[in-house]
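First up is the structure itself, then whatever we jot down about it.
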Amino acid sequence: NENISIDEEAILEIARVSDGGMRDAISLLDEAIAYSGENITVDDIHEINGTLTISELNLFIEYLLNFYTKFM
């Protein structure tokens, strides 16, 4: 009815972030619709929630490990 599309990966991320809470999932989906319009991607969910993608998290961990080995 809402005429939106959402990536399967975005749906899985909403479920992960909401940790089984239906109200949290619905709220995040409402925010995503308001933020993204008709096409919701996993990047939109990360942007709204302030979380990192897997690739961003990997880069962050790599940076920390490089920093630690360089200065410790």
Side-chain angles (χ1 to χ4, degrees):
N1 289 341
E2 296 295 325
N3 211 19
I4 61 167
S5 67
I6 183 168
D7 296 344
E8 185 172 338
E9 192 176 356
I11 293 170
L12 294 173
E13 189 62 20
I14 289 172
R16 187 190 70 76
V17 168
S18 63
D19 196 31
M22 184 60 76
R23 288 183 185 166
D24 292 341
I26 291 170
S27 294
L28 186 52
L29 181 59
D30 283 341
E31 287 181 56
I33 292 168
Y35 176 80
S36 305
E38 297 178 355
N39 185 30
I40 300 168
T41 66
V42 70
D43 291 333
D44 297 329
I45 302 303
H46 285 295
E47 185 73 27
I48 292 165
N49 200 44
T51 54
L52 299 174
T53 64
I54 296 296
S55 60
E56 291 170 333
L57 186 58
N58 285 336
L59 286 173
F60 180 67
I61 291 170
E62 185 178 316
Y63 172 79
L64 289 176
L65 289 173
N66 287 337
F67 180 81
Y68 178 78
T69 57
K70 187 175 182 179
F71 292 105
M72 297 298 169

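Quick note: numbers below take in every heavy atom, side chains included, and nothing from hydrogens, waters or symmetry partners.
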Determine whether Ile48 and Ile40 fall in the same hydrophobic cluster, where Ile, Leu, Val, Met, Phe, Trp and Tyr are linked whenever their side-chain heavy atoms lie under 4.5 Å apart. yes
For the CG atom of Asp43 and the CD atom of Glu9, what is their distance to the nearest 0.5 Å? 8.0 Å
Gap separating the CG atom of Asn39 from the CG atom of Asp44, nearest 0.5 angstrom: 7.5 Å
Just so I know, are the side chains of Asp7 and Val42 near enough to count as touching, which here means a heavy-atom distance under 4.5 Å? no
For Thr53 and Asn58, what are the C-alpha separation, side-chain angles and deciding distance, and is it a side-chain contact (heavy atoms from CB on, under 4.5 Å)? CA-CA 9 Å; Thr53 64; Asn58 285 336; over 6 Å; no
Transitively linked via ILVMFWY side-chain contacts under 4.5 Å: Ile33 with Tyr35? yes
Could you list the donor-acceptor pairs under 3.5 angstrom formed between side-chain atoms of residues 62-71 and any protein atom two or more places apart in sequence or on another chain?
unit_1	atom_1	unit_2	atom_2	d
Asn66	ND2	Glu62	O	3.3
Thr69	OG1	Leu65	O	3.1
Thr69	OG1	Asn66	O	3.1

Check: Ile6 and Leu29 side chains under 4.5 Å, non-hydrogen atoms: yes
List the atom pairs, with distances to 0.1 Å, where a side-chain N or O of residues 10-24 and a protein N or O form a donor-acceptor pair under 3.5 Å, not counting sequence neighbours.
unit_1	atom_1	unit_2	atom_2	d
Glu13	OE1	Arg16	NE	3.3
Glu13	OE2	Arg16	NE	3.1
Glu13	OE2	Arg16	NH2	2.5
Ser18	OG	Ile14	O	2.9
Ser18	OG	Ala15	O	3.2

Would you kindly say whether Thr51 and His46 are connected by a side-chain donor-acceptor distance under 3.5 Å? yes
